[in-house]
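Index from 1, following the sequence. First listed ligand is number 1; within each ligand, the first listed atom is number 1.
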Amino acid sequence: MILLDGKKVSSLIKDEIAREVVKMKGSGLKVPHLAAMIAGSDGASETYVAHKGKACDQVGFKSTLVRLEEDVPEKVLFDKIDEINENTDIDGLIVQLPLPSHISEKKVVERIRVEKDVDGFHPVNVGRLLIDQPCYISATPNGIIELIKRYNIETSGKHCVILGRSNIVGKPMAMLMARKGNPGNATVTICHSRTGDIEAVCRQADILIVAMGKAEFVTAGMVKENAVVIDVGITRVESDKTKSGWKLLGDVKYDEVAPKCSYITPVPGGVGPMTIVSLLNNTLKAAKKEIYR
Ligand code: GUN
């Protein structure tokens, strides 16, 4: 069994990005600049945004954090998005999800200028992914593709089963695995809450990508011998074995599944760090105007 070490690979990629930033500065270009917006004080969102800001610092990007109150009027948030859309120093904008319930996620996602949508959530970017046109790709699935690439895992002709059909992970993941290319050319099945006999479908997977948000859902009996298992789940649970009083669990029962796998991602240290470097890569592309001129 080989561990898909997202922490190590993401650190190598961050070094590559940092070198690119030095080159950009050397040729008189401005450094990439990412803005993040957060409304309210959801604990997990705070952690994610802090990680993104820290990653920007590590590679030499500029970053701006816009904090809004939980009860911020929709109009105020939209005005702030418009202001950032117009700010030529800012290359990329992300609005951390979930948003307070009085704010329309759909309207927010559509308000961000396509050229600055480094999350790849805008309908234009999602549509362009579907038809193989250059676009920003959602960071988690793109990070998984990068991990597969760096470990030279064969995907062509393989059966890839994806658990979860979210707009952010499951659906774009399916597109990336099925598209012509390397990685790609896989036969893809998406499973969800209405799938009948999900265990039997999982057992057919050469590559199993789990993004359901259900701690330790996948057990050894659901995994084919020598499968590649990629775990997107991160659930915080109480623990009396850690100093903090909690630990993170994936969607896969790691201890019993890992011995059956050819490759597997750990939680934490697998998909999570890859997601962050994908966001950095999208921001770099935005600064260089690689996708939209
Ligand atoms: N919430 C959970 N994942 C993400 C993400 O990748 N981007 C944003 N903006 N919010 C999230």
Side-chain angles (χ1 to χ4, degrees), residues 6 10 13 33-56 61 63-68 70 72 77-78 80-81 84-85 90-101 103-126 129 135-147 162 164-173 175-176 209-214 230-236 248 250-251 267-268 270-286:
S10 68
I13 298 175
H33 184 176
L34 174 69
M37 220 185 266
I38 182 167
S41 53
D42 173 72
S45 292
E46 292 275 358
T47 309
Y48 294 145
V49 166
H51 281 153
K52 291 169 188 177
K54 187 173 157 218
C56 283
F61 286 6
S63 70
T64 297
L65 176 60
V66 178
R67 282 186 173 282
L68 301 166
E70 178 85 29
V72 61
L77 196 147
F78 289 170
K80 200 71 215 175
I81 293 176
I84 294 173
N85 278 341
I90 296 177
D91 304 294
L93 166 63
I94 59 166
V95 178
Q96 192 63 30
L97 305 178
L99 285 162
S101 56
I103 294 172
S104 160
E105 201 170 290
K106 175 177 174 288
K107 285 189 198 160
V108 165
V109 164
E110 288 178 354
R111 192 105 184 178
I112 298 168
R113 197 174 263 179
V114 175
E115 296 87 338
K116 296 197 179 188
D117 170 41
V118 288
D119 257 332
F121 294 169
H122 190 286
V124 169
N125 279 317
V126 177
L129 171 63
C135 61
Y136 295 114
I137 300 171
S138 179
T140 299
N142 212 22
I144 293 170
I145 290 292
E146 191 60 36
L147 200 54
I162 298 167
R165 56 178 159 183
S166 69
N167 291 340
I168 296 181
V169 185
K171 281 189 261 185
M173 192 77 244
M175 284 305 115
L176 292 167
I209 302 177
V210 195
M212 315 175 65
K214 282 192 181 172
I230 295 175
D231 189 348
V232 183
I234 24 165
T235 306
R236 240 187 217 212
L248 294 175
D251 285 357
V267 175
V271 173
M274 294 304 297
T275 297
I276 294 194
V277 292
S278 292
L279 177 66
L280 296 176
N281 257 327
N282 279 349
T283 307
L284 184 65
K285 285 187 176 134

Backbone N/O of [Y] and side chain of [X]: donor-acceptor pair under 3.5 Å:
X	Y	result
Ser45	Ser41	no
Asn85	Arg111	yes
Ser138	Ile168	yes
Lys285	Tyr136	no

- Compile the protein residues with any heavy atom at a distance under 4.0 Å from an atom of ligand 1; present them by chain, then by number.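 Residue list for ligand 1: Lys52, Val95, Gln96, Leu97, Asp119, Phe121.
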- Query: Can Val118 and Asp91 be said to form a side chain to side chain contact (heavy atoms under 4.5 Å, CB included), step by step?
  - Reply: CA-CA 9 Å; Val118 288; Asp91 304 294; over 6 Å; no
- Query: In a check of side-chain contact (heavy atoms from CB on, under 4.5 Å) between Met274 and each of Ile144, Ile13, Ile230, which one passes?
  - Reply: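 The side-chain contact (heavy atoms from CB on, under 4.5 Å) with Met274 is passed solely by Ile13 among Ile144, Ile13, Ile230.
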